[in-house]
Amino acid sequence: MASSGAVPFWRAAGMTYITYSNICANLVRNCLKEPYKAEALSREKVHFSFSKWVEGKPEKPSILLFTSHFSSSVSFNFIDRRFRFNFR
Amino acid sequence: MAMAAVLRREGRRLTQPINALHSSLISQDQAPHGSRSISTQVVRNRMKSVKNIQKITKAMKMVAASKLRAVQTRAENSRGLWQPFTALLGDNPSTDVKKNVVVTVSSDKGLCGGINSTSVKISRVLHKLNSGPDKETKYVILGEKAKAQLVRDSKKDIELSLTELQKNPLNYTQVSVLADDILKNVEYDALRIVFNKFHSVVQFLPTVSTVLSPEVIEREAESGGKLGELDSYEIEGGETKSEILQNLAEFQFSCVMYNAVLENACSEQGARMSAMDSSSRNAGDMLDRLTLTYNRTRQASITTELIEIISGASALEGFPG
């Protein structure tokens, strides 16, 4: 298996299996031909608001939103951080 | 004021919301001095508003029905994602561990019957069952509604809350990113996901799926409990068993979450559909009763006027022209 050698590396980069498999899935999606590619990429939109609670109070929620267009390269994880806005 | 009495008696027979009508009728008693009969304006306005509400609930029912159709097939297809995991790792809700995380799945919007309170209730039960002297149980909440309910009595135990999931149609990428965020932010030995499993448009089964952490799976497998068969599997490739289990547990969580979120969205639409159906029916009933009251009052006022005219005329008859 080609991927077996890669495991320690993405683990060391702080990625989980979910992130890793998402990047792989995205690479496959990008290999599609045109009408299907745009369709598949537009389907995978991510949007939710996330807030951590500390001692019974929610912290400022961060809104997480991006589409797969952004993450067409392997920088999925970094995009994830870059598109995290803080809303008051 | 015989008509007012009739109206009031009718009003009492109607159910709760009509109290507004009732009280506004009482104020009709203090109508401008010298006015002969009460106005039926109040009832007419009331009828109009009930009719409008009925229109709204009917429209909401239609919307819920079309959304349900879209999400139902996806929810049913997503069941194939967790089934292999349950076949391999089993589903062991009774596993006793130290760090429990209850993931409560609920909806962002209301008007969908009791599905949110059910999942909150089940989550509370799980919380109680899994609390002990050296154990801790935390909540991770999906959706506004469960958050609003759990904030009241157990806000100290809330670890994370996630909302606004359904801005776009649900998809696996979104749920997996969400699952990833949960995994990165909580420490767990067992994740217990509470959601309403869609059974039919009127039936939702509150369900708990348990995802164990890789360490707990390994421990259970070694002690030869329910997971004892896991050792009979051969592992291909260069990875160790713990690595494989770590990957599996993470992937299992994202798959189970995907199914849970879809099932819950499906149940939400189904519940909303039946709730809106019964409220349109109630609005129809109320409208019928109001129409009856209105017509009866109108009839009574006509009768009274006729009696007044006739008796006036007959009183005059005795006098010479």
Side-chain angles (χ1 to χ4, degrees), chain A residues 1-12 14-26 28-29 39-72 76-77 79-81 83-85 87, chain B residues 74 108 138-144 147 150-186 214 235-240 243-255 257-258 261:
Chain A
M1 279 207 312
S3 67
S4 61
V7 183
F9 295 105
W10 56 256
R11 273 268 175 235
M15 277 155 74
T16 57
Y17 182 76
I18 301 170
T19 324
Y20 177 69
S21 66
N22 261 336
I23 292 166
C24 294
N26 209 43
V28 176
R29 264 183 225 118
E39 194 190 317
L41 287 178
S42 67
R43 208 164 40 213
E44 311 293 320
K45 286 193 191 110
V46 178
H47 178 122
F48 58 87
S49 128
F50 173 97
S51 63
K52 221 170 149 54
W53 288 57
V54 177
E55 295 183 5
K57 289 216 172 63
E59 287 185 343
K60 256 190 267 169
S62 55
I63 308 267
L64 188 70
L65 65 165
F66 57 84
T67 54
S68 303
H69 295 287
F70 295 123
S71 49
S72 49
F76 195 98
N77 203 27
I79 299 268
D80 176 328
R81 297 280 161 265
F83 281 85
R84 200 166 261 189
F85 304 115
F87 279 76
Chain B
R74 290 155 56 87
D108 275 346
K138 294 279 183 194
Y139 288 117
V140 170
I141 302 170
L142 270 75
E144 290 288 349
K147 188 171 95 185
L150 282 171
V151 128
R152 263 182 261 152
D153 63 341
S154 29
K155 62 176 161 190
K156 287 268 179 278
D157 295 327
I158 299 176
E159 185 84 24
L160 285 176
S161 71
L162 301 117
T163 49
E164 291 177 39
L165 260 73
Q166 297 198 38
K167 280 274 155 68
N168 301 311
L170 291 164
N171 57 65
Y172 178 74
T173 313
Q174 181 192 22
V175 180
S176 65
V177 173
L178 181 146
D180 196 29
D181 263 342
I182 295 177
L183 287 182
K184 277 180 186 154
N185 283 290
V186 294
I235 293 168
E236 268 184 11
E239 287 130 338
T240 61
E243 280 172 344
I244 295 263
L245 280 177
Q246 170 103 38
N247 293 349
L248 262 181
E250 284 167 3
F251 192 47
Q252 183 193 14
F253 180 58
S254 78
C255 287
M257 279 301 285
Y258 180 58
V261 167

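Naming: A, B, ... by sequence-line order, numbering from 1 per chain.
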Between Q246(B) and chain A, with a heavy-atom cut-off of 4.5 Å, which part of the residue counts as in contact: side chain, backbone, both or neither? both

Under 4.5 Å heavy-atom distance to chain A, tell me which part of L183(B) shows up: side chain, backbone, both or neither. side chain

In terms of heavy-atom contacts, does NZ of K155(B) have more than 12 from other residues, nucleotides or ligands at under 6.0 Å? no

Using side chain to side chain contact (heavy atoms under 4.5 Å, CB included) as the criterion, point out the one residue from T163(B), L178(B), D181(B) that pairs with F50(A). D181(B)

Which atom names give the shortest non-hydrogen contact between K45(A) and N171(B), and what distance separates them? O-ND2, 2.9 Å

Give a yes or no on whether the backbone of Y17(A) and the side-chain of E250(B) come within a donor-acceptor separation of less than 3.5 Å. yes

Heavy-atom pairs under 4.5 Å with chain B, option from K57(A), E59(A), R11(A), E55(A) with the top count: R11(A)

Please lay out, stage by stage, how N247(B) and Y20(A) fare under the test side chain to side chain contact (heavy atoms under 4.5 Å, CB included). CA-CA 10 Å; N247(B) 293 349; Y20(A) 177 69; over 6 Å; no

In sequence, state the C-alpha distance, the side-chain angles, and the governing distance for V177(B) and F48(A), and then conclude on side chain to side chain contact (heavy atoms under 4.5 Å, CB included). CA-CA 10 Å; V177(B) 173; F48(A) 58 87; 4.2 Å; yes

CD1-CE distance between I18(A) and M257(B), expressed to the nearest 0.5 angstrom: 9.5 Å

Partners passing side-chain contact (heavy atoms from CB on, under 4.5 Å) against K167(B) (at least two apart in sequence or in another chain): H47(A), E164(B)

Turns out that what part of N168(B) lies under 4.5 Å from chain A's heavy atoms comes down to side chain

Heavy-atom proximity to chain A below 4.5 Å, by part of K138(B): neither

Comparing V140(B), L165(B), D157(B), L160(B) against chain A, the one with the most heavy-atom pairs below 4.5 Å turns out to be L160(B)

Of the backbone (N, CA, C, O) and the side chain (C-beta and beyond), which part of V151(B) lies under 4.5 Å from a heavy atom of chain A, both, or neither? side chain

Could you tell me the separation between the CD atom of Q174(B) and the CZ atom of R43(A), rounded to the nearest 0.5 Å? 14.0 Å

My understanding is that only residues two or more places apart in sequence, or in another chain, count here; which of them pass side-chain contact (heavy atoms from CB on, under 4.5 Å) with P58(A)? S51(A), W53(A)

